[in-house]
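These notes concern the structure reproduced below.
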Amino acid sequence: MDLDPEGIFRDDSDEEDENVQEREANKEMVVYLVDASPKMFTPATTQEDEKQETHFHTIVNCITQSLKTQIIGRSYDEVAICFFNTKEKKNLQDLAGVYVYNVGDREPLDRPTAKLIKDFSSIEDSFVSTIGSRYGITAGSRENTLYNALWVAQALLRKGSVKTVSKRILIFTNEDDPFGAITGAVKTDMIRTTIQRAKDAQDLGLSVELLPLSQPDEQFNMSLFYADLIGLDGDEITEYLPSAGAKLEDMTDQLRKRIMKKRRVKTLAFAITNDVCIEVNTYALIRTITWLDSLSNLPLKTERSFICNDTGALLQNPQKRFQMYNDTMVKFSVRELSEVKRVSSHHLRLLGFKPLDCLKDYHNLRPSTFIYPSDERIFGSTRVFVALHSSMLRLGRFALAFYGNPTRPQLVALVAQEEITSSGGQVEPPGMHMIYLPYSDDIRYPEEVHVTSDDALRATDEQIKMASNLLKRIDLKNFSVCQFANPALQRHYGILEALALGEDEMPDIKDETLPDEEGFARPGVVKAIEEFKASVYGENYDQEEAEAEAAKASRGDASKKRKAITDAASQKCAAYDWAELADNGKLKDMTVVDLKYYLTAHNLPVSGKKEALISRILTHLGK
């Protein structure tokens, strides 16, 4: 039995595809707690429309869109929908004012289904009559529906370990002071017990989050109660809320970004110096590759088998390998090979810093990886990472580092990214992009074609000035690829959604990659475009272009006329057997008009006397 000597130094852990694969992530369980008080059914805007949109309608749409996204992207995650401040009650604890919504034989906390999405999307029509709405916390009553809702949500999330399952409670409300109707010791006691209930849930590993909705004429005040409930203080309170001018449609994006968490690929040890090492997580922000079976559509798992070259039998992973050296078989164990191939004891080691202008576009070999600090194993990693990150942004530097498993050493550039936010929340997180750098022999230098100064076209100063002005006018501020969805993929999901929900019409898919016609129509942009065109093509360019189009149209009309004449001549020509007329010498008996019909139908010249026409026809017929 012979082993393949060429593969002796191949790492068993190397994957066939060099793209980073997203490892199996923890499952998520989410409970949506939706306020169903009468205040949620008041108009959400000040516009005098025939049918004004309510906050309750907005939340139903947001959760519906989130479930549609989740059923495609993370279908094995589990969700539950729970209303509080309701007239009817439906929960295992039999607590007043809390209604756990469900359909069919589905468990209260289970995977989203097409029926759940379809029925929940239309719940607003029958909500008041079937479930009912009321104010749950009122004067003279000890009933605390918010406390009850948190208790029910915590009970729903009992199954599964927090070590393998991420558990979250999301609260939707437009009431910033749920205990405003009561006063005195009763109010103090109810606030204390409710906050303690939330803290108890957080101590058990549950995440409690809030998506607040502001009234048309009043901003949601986090400081009254909910900042203490979810554990915010100082600047965190103002950063948590969207800006005062945020639109209601931003809520869908907010919820999507909070639900669809990034899943880490792996954890690395980042050696800053010989004595300082921190822990970072790596993320594949943009791409996620999953190989599927073409028939069953199930995920595939890559496996490697060893087959005996002599017998064809399936072998276990051999404990010995060899390498031919000077006609001698040198054997290695797996452990010996691992030690031979080891280059560094750390996954990521800092080498130094360089100015950002030293990093060129062509240095990016493949999609970058995003890194973010973690204090899970090495406490203090976040503090060191933040200090390094801030200094790199302030000085305009990137870090040069050594990265790779023992068999694939590679230089990488760590480029700090500043956080980008909008009215709808965070667009891009703070952190570092790990860009994989080439070695010197990975870069090819193509031959350059040198032209003389007489042959090269040069832009004038005026043209450069107008081009610069145009670029400033249409500059995309705070651009991020995360703001644009793939229109082809969204249409594909839209078709799947319509089939699963039994809908007759396709959902409207907005193509965000199309040019912004409204933006290009702004007076400043129109003026900049016209000035640039005039500087490059001249003042009369539009007139010359119109004349060229007119000439082109005229040529097109002439071509159509010639084609019509040819078609008519072909019909007239088809009435005669021209080969027989030529054989019998009867072409001289034909009229000149008939002879020209034949010549026109076959794109032959029609000039000359009758004898010349006949000679031309005989030549064409090969007579």
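Computed over heavy atoms, backbone and side chain alike; hydrogens, waters and symmetry mates excluded. Throughout, numbering of the chain's residues begins at 1 and tracks the sequence.
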Might you confirm whether atom CG of Asp441 has over 12 heavy atoms from other residues, nucleotides or ligands at distances under 6.0 Å?
yes
Donor-acceptor contact present, side-chain Asp511 to main-chain Pro487, <3.5 Å
no
When every non-hydrogen atom of Phe370 is compared with those of Pro430, the smallest separation belongs to CZ-O, 3.5 Å
For residues Thr54 and Met40, report the shortest heavy-atom separation together with the two atoms involved.
CB-O, 3.7 Å
Does atom CG of Asp461 have more than 12 heavy-atom neighbours, drawn from other residues, nucleotides or ligands, at distances under 6.0 Å?
no
Kindly say whether Thr58 contributes a backbone atom to a donor-acceptor pair with the side chain of Asn61 at under 3.5 angstrom?
no
Using only atom types and a distance under 3.5 Å, with no angle test, would you say the side chain of Ser390 pairs donor to acceptor with the backbone of Val386?
yes
I'd like to know if the side chain of His389 and the backbone of Gly431 have a donor-acceptor N/O pair within less than 3.5 Å.
yes
Determine yes or no for a side-chain-to-main-chain donor-acceptor pair under 3.5 angstrom, with Asp176 supplying the side chain and Met222 the backbone.
no
Carefully, step by step, assess Val384 and Phe270 under the rule side-chain contact (heavy atoms from CB on, under 4.5 Å).
CA-CA 11 Å; Val384 175; Phe270 184 13; over 6 Å; no
Do Gln215 and Thr42 make a side-chain contact, defined as non-hydrogen atoms from C-beta onward lying under 4.5 Å apart?
yes
If you count the non-hydrogen atoms of other residues, nucleotides and ligands that lie under 6.0 Å from CD in Glu418, is the total more than 12?
no
Backbone N or O of Asp375 within a donor-acceptor pair of the Ser381 side chain at under 3.5 Å?
no
Those residues at least two apart in sequence (or on a different chain) that pass side chain to side chain donor-acceptor pair (under 3.5 Å) with His602 are none
For residues Leu348 and Ala401, report the shortest heavy-atom separation together with the two atoms involved.
CD1-CB, 4.1 Å
Keeping Thr600 on the side-chain end and Tyr597 on the backbone end, is there a donor-acceptor pair under 3.5 Å?
no
